[in-house]
Structures are given as structure tokens and as C-alpha cells.
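Protein chains get the first letters and strands the later ones, always in sequence-line order, with residue 1 at the start of each.
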Protein chains: 4
Amino acid sequence: MPQQPLSMSEKKKQKRAAILKAAIKVFSEKGFAETTIAVIAKEARVSFGTVFTYFETKEILYEKAVLEPLDEIKPYFLKVDDYFSGTPLEKIQQMIETHVDLFSERSEFLRLIQQVLGRPERFPKLFEELDLFVDDFVNIISPTIEEGQRQGVFYEETPALMAQSYLAILNGMRLTYINESTHSLWNALTVQALRLFGPIIKN
Amino acid sequence: MPQQPLSMSEKKKQKRAAILKAAIKVFSEKGFAETTIAVIAKEARVSFGTVFTYFETKEILYEKAVLEPLDEIKPYFLKVDDYFSGTPLEKIQQMIETHVDLFSERSEFLRLIQQVLGRPERFPKLFEELDLFVDDFVNIISPTIEEGQRQGVFYEETPALMAQSYLAILNGMRLTYINESTHSLWNALTVQALRLFGPIIKN
Amino acid sequence: MPQQPLSMSEKKKQKRAAILKAAIKVFSEKGFAETTIAVIAKEARVSFGTVFTYFETKEILYEKAVLEPLDEIKPYFLKVDDYFSGTPLEKIQQMIETHVDLFSERSEFLRLIQQVLGRPERFPKLFEELDLFVDDFVNIISPTIEEGQRQGVFYEETPALMAQSYLAILNGMRLTYINESTHSLWNALTVQALRLFGPIIKN
Amino acid sequence: MPQQPLSMSEKKKQKRAAILKAAIKVFSEKGFAETTIAVIAKEARVSFGTVFTYFETKEILYEKAVLEPLDEIKPYFLKVDDYFSGTPLEKIQQMIETHVDLFSERSEFLRLIQQVLGRPERFPKLFEELDLFVDDFVNIISPTIEEGQRQGVFYEETPALMAQSYLAILNGMRLTYINESTHSLWNALTVQALRLFGPIIKN
DNA sequence: CATGAATGAGAGTTCATTCAT
DNA sequence: TATGAATGAACTCTCATTCAT
């Protein structure tokens, strides 16, 4: 019986989640302007009025649809030491594999981020958020890069630039490539990303 | 009298060019959906009715606005031997510098390409065009890469992948970085791009 | 135990009254169309679902919200002999003072009535009710007017018209004036209203 | 031929006027909130899109629909000396007749003004306008009232109050009365209004 | 050719009302 | 009985496109 109110709010949470999931899907495919609330509602199997019950405006829904996936991938970028271990080279290698995997399985992440990066004046708040995320990533990853540099396996480059060029290549990975699940392609891309850090000879 | 129709068509060409230029600017900033013909017309200093005199629909105008810049940058990707010379390493280095320069000065190129790449189902024709462009680039650049590999200065990687990862990092370069005209940043990015081809130690 | 249902219905009555009071306030300020049930509910400190428990539709709630204040002021218009005494002039003078006071303290009365009078086709039932009220007032007040006429202190005018012009001036009193609680203004207005009945020289 | 451009703008003016006329009609009947642009468009026999060609928003259209009639009636209130002549009593009498006539023939004036007066917070700009209009009227009419007072035919009352009570009775005149075109009723109302100024005995 | 008025499909948003809990 | 989530009709406003001038 004490679960009763919980199950109530549980149902609401589920519906909210369903709408958000639908929004992420549709927004990532069609962008903000060409997405209609009606389509999101249909995808979420609710009436379009219900969308407004959970999200006040389309704009707010978009923000949530961007920030929620961002929060989901954040740990894989910011908790490097929790997820990856070994030598700096090994850690970076694991990280890259994880990131490529992440985007290959949930390409919406990439699309939404690209949409925001392409329109900084249109989505200033979200852009700012991404900017901070980049800064955080740079700060988190720098010590590992520096250690690798001391070990002589990474280039003597400012860690910030190395991190940013890595994000650039990640970001620039074409969704069409990504969605092709040819493992050999991923491996190759991973190696190429790694080469931004140090001179890697595949064996 | 025979000049009359010529000067007329000259005037018309100029007007058409003004509209297209305005369209490139506005589309690159606001994307297809959030751009209105009225704004393009204002930017081009013509009435919005005139836009339709030169371009049948908004859709067609967008196509031209994407393809024209694409044609403009094509030579710098496809006529590698005309523009760049020296050893493979030198050629690739010159090429990268040229491309980064190109995007840093006219970031609309990058924006428009990213818009199309982010919506392949929405702009199938344009996407196809970009796809062909990538293929062409890969074919053009491969001999140079292979020669570099034979000389032992480039990684032993399939040239296609190297070319594609290069395009990825170019594409992923953030417009905000790009627009900052700090030369040191460009140089650094150039070096990082070069590292996708071979192990480069800055001196 | 027999009190239980009584106290229950007491509680219900209080809640109903709270909602009606809130409705009167909000409807008088915002009119029918721009009032939302949600705002009334908030004002009454109940959930908006509860409003529908007590009043089937917004339309019905509006009717009650108009008629209840009307019933509240009715005695002051229709029970002239109960409230006022003395010569016809004295009675009318007292009446006017009472009416001006009434509207000055609870301007919602005036607002709601004006809303209905301004939209006879929209609120036919309520308009009819007001019409009957006017007729009743005319009938009630006529004997006093006629007596005053016999005494030579009132104009020789059809009592109906005198009553109606009096209602007109009452109705036309601007709420902004009314809400300013300068007593001198009220007195002056009272005198002016009185002058519709007979030639009054202030001393 | 020089008329050509004139006739163009003439046509536009006519269409604009048709829309405004329709707006005045519908707004006066249904109020702001319950009026839809579609109905105004239908009444004006244009597509509803055309309404927005001439008036940016519904709000702006309402403002024009209130202010234009106001401007139309203003002269009859503010140019007293141009329209009326004779003794103060005669002038005021003519004025009242004119005003009652005005409202009896174009009752929209009255309705629109009442709507604004009933919602000062909702229509602050329009309310302010009406306030200024009242002030102007008071200033204009005061000399005539004062002269009448010197002649002993008007009450010794502050002219401002006399003017305001006159506006009150005008404003409070019920549209149902007004629209009944029984001349005897108008005459009677005119006399009653006059009695706010001085003790009038009908003969 | 150039212009911009006219049109109406289509989108976001509001809100009365219903009804399951 | 009280609540508030769900619904969808209805409204305002935008804007590509057409076409008369």
C-alpha cells in the first residue's frame, strides 16, 4: 500500500520518459524546426496535448532532449579514471573505443550535439552547456595526456589541443559510417583517433 | 543594340548572384527551415517576389546555395596536383593548411555541409552529391598517400580511411574555434590533422 | 452521528462558497472568456477538478457568479421601504448614497453587470434577469417618485424614465472614480444623481 | 495616368478600411477575446491571411478598432464651439442631442468604449487614451458651464464633476434603449442629461 | 521583370471538460 | 469527494507561393 503513491508517480515518470525518448528520436532526425509536436506525440503514443502536460513548450522539450542524452554520455567523458585503467596509452585507447561504440549505438547523441554546435546563436544556453562540457573533458583528460607525454608515448603538444582535436574527429565522424556496423571500420577509426595523441604503428 | 540584351543578362546575373550570396549567408546561419525568403530578399536588397523570379522554390534555392559553395571549394580538394607540390608530406601539409584557411575565412562552407550531412533523408540529392565528392577526394588523394607510404613517412593504413578520417577532423572543427583567427591555433590543428597521416614531431 | 452528514454538507457549502467568491473576483476582473478555471481554483485554494464538482461548466459558474452578487444587491434596490424612510426626497437621497456606497466598496457588482449588459446576445438568460430587475426597480420606486412629484419636489417626468436614467448614471460611473475613496467625490456624484429627480441646490 | 499609383494605394486603403470596419463591428459585439480573426475576415470578405497583411496582430487590430471610432467621435466632444452655438444652455442642449444621436446611430462606439473602461489593466494604453479624452472634454466644456453658472441657469457645481457625471449617464445608457429608435425616449434622455447641469422644467 | 498583396496550409499553444484513481 | 493527467477543438500567427499590376 505505501507503494501506491509511488506507482502513481512511477507511471507519470514512464510517460514523461516515453515522450522524451520520442522527442530525442525525432529531434535528432529532423532538427528542431522541422519537428512537430504532433509527430513526437504519435511516436510516444500519446495525444499531443499530453506532451504539453509534461513539457511546457517545444523549446523546453528540445532542451531536455539535448541535455538528457548529454548527461547520459557525460560519465564516459568525465569519469575517465573510473572506466579506464592501465598506461596512459591503454586508457586513451579504451576511452576512444568506448566513445566510438557509444556513438555507433546511439547516433542521436551525435546528431543532437551537432545541431546545437551548428547554431550557437539559436541555442545559446545549450551551446554554453556543451562548451562547459568540452572544458571539463579537457581538464579531466589532461593529466593522463601529460603522463603519456612524460613516458614519451604521446606527442609534446598542449593537452587542450590534443583533447579538442580528438573531439573534432569524434564529432566529424559521419553518421553514415557510424551506422554501418562494420567492426573493421570502427577499429580503423579508433586507431586514427589514437594517432592524434601519439605515433601508433598498427601491427 | 546587340549589347542591350547582353547588358541585360549581365544585370540579371548580378541580381541572381546577389540573391544566391544572401541565401548562402542566411541559410548557413539559420538552416533551411528557420530561414525565410523575406530575410534573404532583404539581405540581397531585392523584393521577395524577385527571389522567386530567379529561383522557383525555396528548396531549389537551398540546393543552389549548397552546391555553389561546394563547387567553389571542390578544386582545393580535387585538384591537389594543381595546387600543391613537393614530397607527399609537403603536399598534404600544404593541402591541410589551405583547407583550414578556407574554412576559417568562409565558415559558411562548413556550416552548409554539416547541415546536409546531418539530414541525409531530408536532402538526399545534396547528400548524394557530398558522398560523390568524398569518393572523388579519396580517389584523388590516394596516390599521394600511397607514395608517402612507399617513402615510409605515412602510416600503412588504407588510403580511403586516412582520407575519411581527415575529412572527419575537418568537419568536426568547431566553427567557434575556426572563427577565432589565432594563427597558433590553426597551426596546431594543421599539425594534428597531419598526424592522421604520419607520425609528426613538431620542432 | 446525525451531525456528521450535516457538518459534511457544511464543509461542502463552505467550499462551494469559496469557489463562487473566487469566481466573482476573477470573472469581474477578467471577464468570462479570459478567465480560466485554473485561476479561479487557485484563488479558491482548491484543485481545478474540484470546481467541476460544484459547478458543471464554466458557463454555469459564470451565471452563478453574476446572479449571486445580483441577489446580494437586489434588496438595496427592491426593498426601498425597508431601508429608507422620510420624505420622498429623503428616501431617494438615502437610496442613492447606499447604492454609491455599495458599488464603491464592491466594485465587482458593477463590473459583472456591465459585462452582461454589454453582451445581451451572449448572455441572454442573464440579460433577461437584469431586465426584470430593472422593471422591478422601476415598479418599486415609482410610487415614491410619484409622491415626490405630488409634493412638487420632483420633476414631472414619467417615473420609469427617471428611474432608468438614474440606473444609467449609476452604471456609467467609472470604476476608477469609484475606487478612489475620496468622499467628496461620492457626495458630489450623489448630488448629481439626485438632480435627475429634482432641482437640487447644494447648500 | 498619374492617378494609377494613387488608385493602387486607394484600393489598399479601401481594403484596410473594410477590415477595420468589420473589426469594429465584430469586436463591439463579441469583445476582444471571443472575436476570432476568421470571423472578421469573413465579415470583411477577405481571407484571414489578409487581415494580418494590414494589421500585425489581433491586439493591434483591436487598438485601431477602438481608436478610430474614438477619433471619429472626438470632434463632437472637443470642438464644442464649432458645432454648437447660442446661450450656454442652448449649446449644452445641442451637444447632448448630438451625442445621444451619435450613439444611437453607431452604438459600436459605446460598446467598444465600455469594453475598455471595464478592463483598465487589460487595455492600459487604450484606457489611458480614454482618460486623456475625458480630461480634454472637461477642459473644453468647462468655460461654457462656468458661463452658464454666471448666468444663473446652471448649478453651482465644479464644472469637472458636472462634465463627468454627464459622461457617466451617456456611458450608462443601455444599448437596448439606444437601439430602440423611439424618438420620445431619446428626447426624454436628453432632458434628463440636461438636468445634471441645471434645473430644467419640461413644458 | 519587379513588386508585394492575397491566400491558406500548417504549427504551437491554451484550456474546458472528462474520468480513472 | 478530490485530484490532476489526458484529450483535442479552436485559436493566433507565419510564410511559401501565386499572380495581378
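Between Tyr54(C) and dT1(F), a side-chain N or O to OP1/OP2 separation shorter than 4.0 Å is absent. Note on Lys12(D): every side-chain N or O is 4.0 Å or more away from OP1 and OP2 of dA6(E).
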Each nucleotide of nucleotides 15-20 of chain E classed B (base within 4.0 Å of a protein heavy atom), S (only sugar-phosphate) or -, in 5' to 3' order, makes SSBB--
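Atom CD of Glu121(C) is surrounded by more than 12 heavy atoms from other residues, nucleotides or ligands within 6.0 Å.
Taking the six-membered ring for Trp, Tyr62(D) and Phe123(D) have ring centres closer than 6.0 Å.
The nearest whole Å value for the distance from the NZ atom in Lys13(C) to the C1' atom in dT1(F) is 17 Å. The separation between Lys30(A) atom NZ and dA11(E) atom C1' is 15 Å, rounded to whole Å. Atom pair Lys15(C):NZ and dT3(F):C1' shows a separation of 10 Å (rounding to whole Å applied). Look at CZ on Arg45(C): it is 13 Å from P on dT3(F), rounded to the nearest Å. Between the P atom of dT14(E) and the CZ atom of Phe55(A) lies a distance of 16 Å, rounded to the nearest Å.
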Encoded 5' to 3' (Watson-Crick or G-U under 3.5 Å; [ ] crossing; | other strand), DNA chain F becomes .||||||||||||||||||||
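Relative to the side chain of Thr50(B), the nucleotides dT3(E), dC1(E), dT7(E) differ in distance, and dT3(E) lies closest.
A cation-pi arrangement, defined by a distance under 6.0 Å to the six-membered ring centre and an angle within 45 degrees of its axis, is absent between Lys15(B) and Tyr54(B).
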